[in-house]
There are 2 protein chains.
Amino acid sequence: MVNILVVEDDRNLQKLMKAVLRQQGYNVLSANDGGEALEIIDKSHVDLVISDIMMPNMNGFDLTEALRKSNYNLPILMITAKETLEDKRKGFLVGTDDYMVKPIDMDEMGFRVAALLRRSRIANEARLSIGEIELNYDTLTVKSKEESVLLPKKEFYLLFKLLSYPKQIFTRQQIMDEIWGMDVDTDERTVDVHIKRLREKFSHFEEFEIITVRGLGYKVEIKI
Amino acid sequence: MVNILVVEDDRNLQKLMKAVLRQQGYNVLSANDGGEALEIIDKSHVDLVISDIMMPNMNGFDLTEALRKSNYNLPILMITAKETLEDKRKGFLVGTDDYMVKPIDMDEMGFRVAALLRRSRIANEARLSIGEIELNYDTLTVKSKEESVLLPKKEFYLLFKLLSYPKQIFTRQQIMDEIWGMDVDTDERTVDVHIKRLREKFSHFEEFEIITVRGLGYKVEIKI
DNA sequence: ATAAATGTTCATATTGAGTTCACATGAAAA
DNA sequence: TTTTCATGTGAACTCAATATGAACATTTAT
């Protein structure tokens with residue numbers, strides 16, 4: 001069950017948002033200002049916060065700041081009154097993830113909420129994404145739009161390392177040290193073979209290319 | 001984090017209960033009567049309610065009734081004063097899950113709370129459906145369109161776990177810890193045998209496949 | 001108590017990731 | 001151009017991880 005906390009002092013708007021979100025299958029909590037919100041977040045499990053900026057007592061900025069300083073890593077959707085560019089900028093500065101301008105379109109709200117949740121879930125299972133490519137460290141999987149490739153451990157770690165620092169050149173020694181471990185004593189050419197296998201597995205990928213830097217080592221180049 | 005709401009007008013008893021429950025690692029909220037309780041439940045995420053029956057304003061019966069009518073499906077542990085058989089019967093009628101008689105033994109309370117939580121958790125995730133396949137946790141049964149397979153416990157739990165998080169790789173250790181329990185000391189290879197048996201039982205299923213990830217563990221891949 | 005079902009262990013076969021090797025290729029140095 | 005040397009590549013090899021059949025142990029049902 002996804003819990004969304006609505007922080008809004010305008011009771012009517014709050015009611016409307018709650019109704020719409022519940023309608024869409026979310027579990028909704030509510031607070032009338034930032035202080036109340038913090039209390040609820042402390043006590044309950046909250047997955048996403050939708051907060052107005054202008055509120056009595058603790059406002060939306062203070063709330064976001066407080067949340068960022070604690071280690072709750074909640075996605076926050078801000079609501080700014082009218083087109084106050086100042087507000088927007090400030091909101092982003094303190095760590096908002098997205099924002100909407102009043103008057104709020106309820107469809108848009110649903111859309112943004114879904115997007116934020118999707119993002120935060122992806123972020124939680126965490127890994128690396130390069131354009132359309134996504135590497136998942138836990139499943140040793142490389143996903144592109146069409147396919148999902150499961151790699152052997154060593155190959156995956158190697159690709160992960162290279163892609164984590166595109167353009168950076170890694171010597172075979174560096175690679176061996178990090179992926180094989182300092183102590184082991186395997187031939188450096190083994191790296192070549194892994195590179196070769198990665199190359200053939202991803203030869204049809206347009207997004208990146210493993211490049212040999214003669215005399216030094218390998219690097220990855222992001223294309224497109 | 002498990003949130004327990006204690007609804008009790010006797011401040012001393014309330015304090016004691018809160019202290020004991022917190023001691024046991026729960027997050028505790030409290031209310032002094034049914035009305036307050038409903039408010040809190042509305043705002044916060046509550047996992048279990050412990051409620052006295054006799055209270056000013058809205059009493060325990062009214063509270064349970066209100067909760068059942070709304071679609072909160074919370075486990076409720078009732079507290080009755082003395083051995084009032086009338087109370088017991090009435091409490092159960094309106095949907096209580098368990099009850100205790102005053103004076104309350106704090107150990108007993110802990111035990112009942114744990115039991116209720118366990119039950120409600122199982123009840124909440126008792127069913128899993130993947131496409132046309134449906135797993136029923138209570139009957140240890142896997143149903144597809146044509147057939148219904150009854151599995152031995154261990155096999156079922158293993159499959160259930162894997163199917164609950166498709167694509168996620170589980171190490172043998174993780175599997176043993178969760179299904180066999182942290183303490184037991186059975187050979188990790190036993191997992192292999194269960195996997196093998198699952199594989200032969202479901203080899204003709206088109207919907208999923210158990211995949212070994214060499215050096216890491218197993219995962220399930222949803223096909224079609 | 002006995003049989004049947006489930007769970008575990010074990011011995012052996014099979015597999016495949018990781019490694020090595022031998023030779024091919026191609027860039028840079030001479 | 002020729003030579004040299006780093007890298008590419010296909011294939012063989014190795015060995016630990018996994019698969020598997022069957023025996024053995026334990027629990028559950030009859």
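Residue numbers begin at 1 in each chain, while the letters A, B, ... track the order of the sequences. A quick note: this is a predicted structure, and the numbers were derived from the prediction, not measured.
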Chemist: Look at the rings of B/W180 and B/H194 and say which category their plane angle falls in: under 30° parallel, 30 to 60° tilted, over 60° perpendicular.
Modeler: perpendicular
Chemist: When you compare the side chain of B/N12 with that of B/L16, does any pair of heavy atoms fall below 4.5 Å?
Modeler: no
Chemist: With DNA chain C as reference, determine whether B/K153 or A/P152 sits nearer its 5' end, using the nearest nucleotide of each.
Modeler: B/K153
Chemist: Quick one: B/L150 CG to D/dT28 P, roughly how many Å, whole number?
Modeler: 15 Å
Chemist: To the nearest 0.5 Å, what is the distance between CG on B/L216 and CD on B/Q174?
Modeler: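 Reported to 0.5 Å precision, the distance equals 10.0 Å.
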Chemist: Quick one: which residue pairs count as a side-chain hydrogen bond (donor to acceptor under 3.5 Å, both in side chains) with a foot in residues 153-163 of chain B, not counting sequence neighbours?
Modeler: B/E155-B/K201, B/K161-B/E178
Chemist: Please walk me through it: do B/I50 and B/L21 pass side chain to side chain contact (heavy atoms under 4.5 Å, CB included)?
Modeler: CA-CA 11 Å; B/I50 305 179; B/L21 289 168; 3.8 Å; yes
Chemist: Whether the A/D177 and A/Q173 side chains hold a donor-acceptor pair (N or O, under 3.5 Å, no angle test) is what I'd like checked.
Modeler: yes
Chemist: Would you check if there is a donor-acceptor pair between the side chains of B/D52 and B/Q14 at a distance under 3.5 Å?
Modeler: no
Chemist: Kindly write out the residues that satisfy side-chain hydrogen bond (donor to acceptor under 3.5 Å, both in side chains) with B/E200, not counting sequence neighbours, or none if the list is empty.
Modeler: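 Testing B/E200 for side-chain hydrogen bond (donor to acceptor under 3.5 Å, both in side chains), a comparison that skips the adjacent residues, returns none.
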Chemist: What does nucleotides 7-13 of chain D look like as a protein-contact string, B for base, S for sugar-phosphate only, - for none, at under 4.0 angstrom between heavy atoms?
Modeler: BSSBBB-
Chemist: Of all residues at least two apart in sequence or in a different chain, which pass the ring pair (Phe, Tyr, Trp, His ring centres under 6.0 Å) check with B/F170?
Modeler: none
Chemist: Only Watson-Crick and G-U wobble pairs with both distances less than 3.5 Å should count. Give DNA chain D in dot-bracket notation, marking inter-strand partners with |.
Modeler: ||||||||||||||||||||||||||||||
Chemist: Just the endpoints, please: which first and last nucleotides of DNA chain C, 5' to 3', lie under 4.0 Å from a heavy atom of chain B?
Modeler: C/dT6 to C/dA17
Chemist: Determine the contact category for A/T190: base if any of its heavy atoms lies under 4.0 Å from a base atom, sugar-phosphate if only primed atoms, P, OP1 or OP2 are that close, otherwise nothing.
Modeler: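 The answer is base, as A/T190 lies within the cut-off (heavy atoms under 4.0 Å) of a base atom.
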Chemist: How about A/L151 and A/L198: do any of their side-chain heavy atoms sit closer than 4.5 Å?
Modeler: yes
